[in-house]
Amino acid sequence: MKRTGILNAALSGGLARLGHTDELLVCDSGMPLPPGVEVVDLAFLPGIPAFADVLDGILAELVVEGATAAREVRTANAECDALLAARLSGLTYIPHSELKRLSRSSRLIVRTGEARPYANVLLRCGVAF
């Protein structure tokens, strides 16, 4: 059994399979999940696990070269917007409908137990060298 890092086997394996420019969506429990995309559903109870905790765990494991969030997060969920801005340099915003469309081409979707609106971010993988 792993001693450190992400212990969830599905999430650990899904992250290990990502390559440069692959996209990963970290989302709240209300985000529609597109068919045909690998999903690691961590949602247990409303708010558990929290979006911030899952994002921090993923960011500790991945190199991220770009991030995109829904424009609506700025007004509907200021706490999440501040969290994203603090952790992701160069964060871009697009309409939520566009984020949902782009999520269909993600290699991996990680669903959290977050129950606040627009707690979603699309991460583009970078390389460690």
Side-chain angles (χ1 to χ4, degrees):
M1 181 173 163
K2 286 182 71 175
R3 294 181 71 157
T4 61
I6 294 174
L7 298 179
N8 181 289
L11 181 54
S12 186
L15 294 176
R17 287 187 291 277
L18 294 172
H20 186 213
T21 74
D22 283 342
E23 292 181 328
L24 155 74
L25 178 71
V26 182
C27 65
D28 60 32
S29 59
M31 183 75 161
L33 301 176
V37 178
E38 181 181 359
V39 174
V40 176
D41 190 346
L42 301 176
F44 179 66
L45 291 170
I48 301 174
F51 177 80
D53 294 334
V54 173
L55 181 62
D56 286 346
I58 288 172
L59 292 177
E61 300 281 327
L62 280 185
V63 174
V64 174
E65 68 177 26
T68 305
R71 181 180 304 140
E72 293 85 347
V73 74
R74 292 175 140 171
T75 54
N77 191 344
E79 183 180 335
C80 183
D81 185 40
L83 170 95
L84 292 172
R87 286 166 174 75
L88 301 163
S89 62
L91 179 66
T92 59
Y93 296 91
I94 59 175
H96 185 63
S97 59
E98 181 70 5
L99 187 69
K100 288 192 293 188
R101 188 187 68 74
L102 290 175
S103 73
R104 294 192 301 251
S105 61
S106 296
R107 284 274 321 265
L108 179 65
I109 294 176
V110 180
R111 184 174 174 256
T112 72
E114 193 64 53
R116 293 176 298 158
Y118 305 108
N120 310 297
V121 66
L122 190 62
L123 305 174
R124 189 174 57 257
C125 297
V127 291
F129 54 86

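Everything quoted here is computed from the prediction, not taken from an experiment. These numbers come from the heavy atoms of this one structure, side chains and all, not from hydrogens, waters or symmetry mates.
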Within one Ile-Leu-Val-Met-Phe-Trp-Tyr cluster: Leu24 and Leu84, side-chain cutoff 4.5 Å: yes
Please tabulate, for side-chain N and O atoms in residues 53-60, each donor-acceptor pair with protein atoms closer than 3.5 Å (sequence neighbours left out).
unit_1, atom_1, unit_2, atom_2, d
Asp56, OD1, Arg87, NE, 2.4
Asp56, OD2, Arg87, NH2, 3.3

Side-chain donor/acceptor pairs under 3.5 Å, residues 117-129, sequence neighbours excluded:
unit_1, atom_1, unit_2, atom_2, d
Asn120, OD1, Asp28, N, 2.9
Arg124, NE, Glu65, OE2, 3.3

- prompt: Hey, what do you get for CD1 (Ile109) to CZ (Arg104), rounding to the nearest 0.5 Å?
  reply: 10.5 Å
message: In this structure, would Val37 and Leu62 fall into the same cluster of hydrophobic residues linked by side-chain contacts under 4.5 Å?
response: no
query: side chain to side chain contact (heavy atoms under 4.5 Å, CB included) with Glu61: which residues, sequence neighbours excluded?
result: Ile6, Leu15
- request: Could you name each residue pair satisfying salt bridge (charged side-chain N to carboxylate O under 4.0 Å, His left out) that touches residues 38-49, not counting sequence neighbours?
  value: Arg17-Glu38, Asp41-Arg111
field: Polar side-chain atom of Thr112 near backbone of Ala43 as donor-acceptor pair, under 3.5 Å
entry: no
- request: Can you run down the ring-ring contact (aromatic ring centres under 6.0 Å, His included) pairs that involve residues 62-90, sequence neighbours left out, and say none if there aren't any?
  value: none
task: Look at atom CD of Glu79 and say whether more than 12 heavy atoms of other residues, nucleotides or ligands are closer to it than 6.0 Å.
output: no
task: To the nearest 0.5 Å, tell me how far Leu42 CG sits from Glu114 CD.
output: 12.5 Å
message: Could you list the cluster mates of Ile48? Members are the ILVMFWY residues connected by side-chain heavy atoms closer than 4.5 Å, either directly or through other members.
response: Phe44, Leu45
query: Side chains of Met31 and Leu25: does their closest heavy-atom pair fall under 4.5 Å?
result: yes
statement: Closest non-hydrogen contact found for Leu33 with Cys27 is CD2-SG, 4.2 Å
- prompt: Is Ser103 reaching over with its side chain to a backbone N or O of Lys100, donor-acceptor style, under 3.5 angstrom?
  reply: yes
- request: Determine whether Val39 and Leu99 fall in the same hydrophobic cluster, where Ile, Leu, Val, Met, Phe, Trp and Tyr are linked whenever their side-chain heavy atoms lie under 4.5 Å apart.
  value: yes
- prompt: Can you get from Leu88 to Leu18 by hopping between Ile, Leu, Val, Met, Phe, Trp and Tyr side chains that sit under 4.5 Å apart?
  reply: yes
field: Least distance between heavy atoms, Ala115 atom then Ser29 atom
entry: CA-OG, 4.2 Å
field: In one Ile/Leu/Val/Met/Phe/Trp/Tyr side-chain cluster, 4.5 Å: Phe51, Val64
entry: yes
- request: Please round to the nearest 0.5 Å and tell me the distance separating atom CD of Glu72 and atom CZ of Arg74.
  value: 10.5 Å
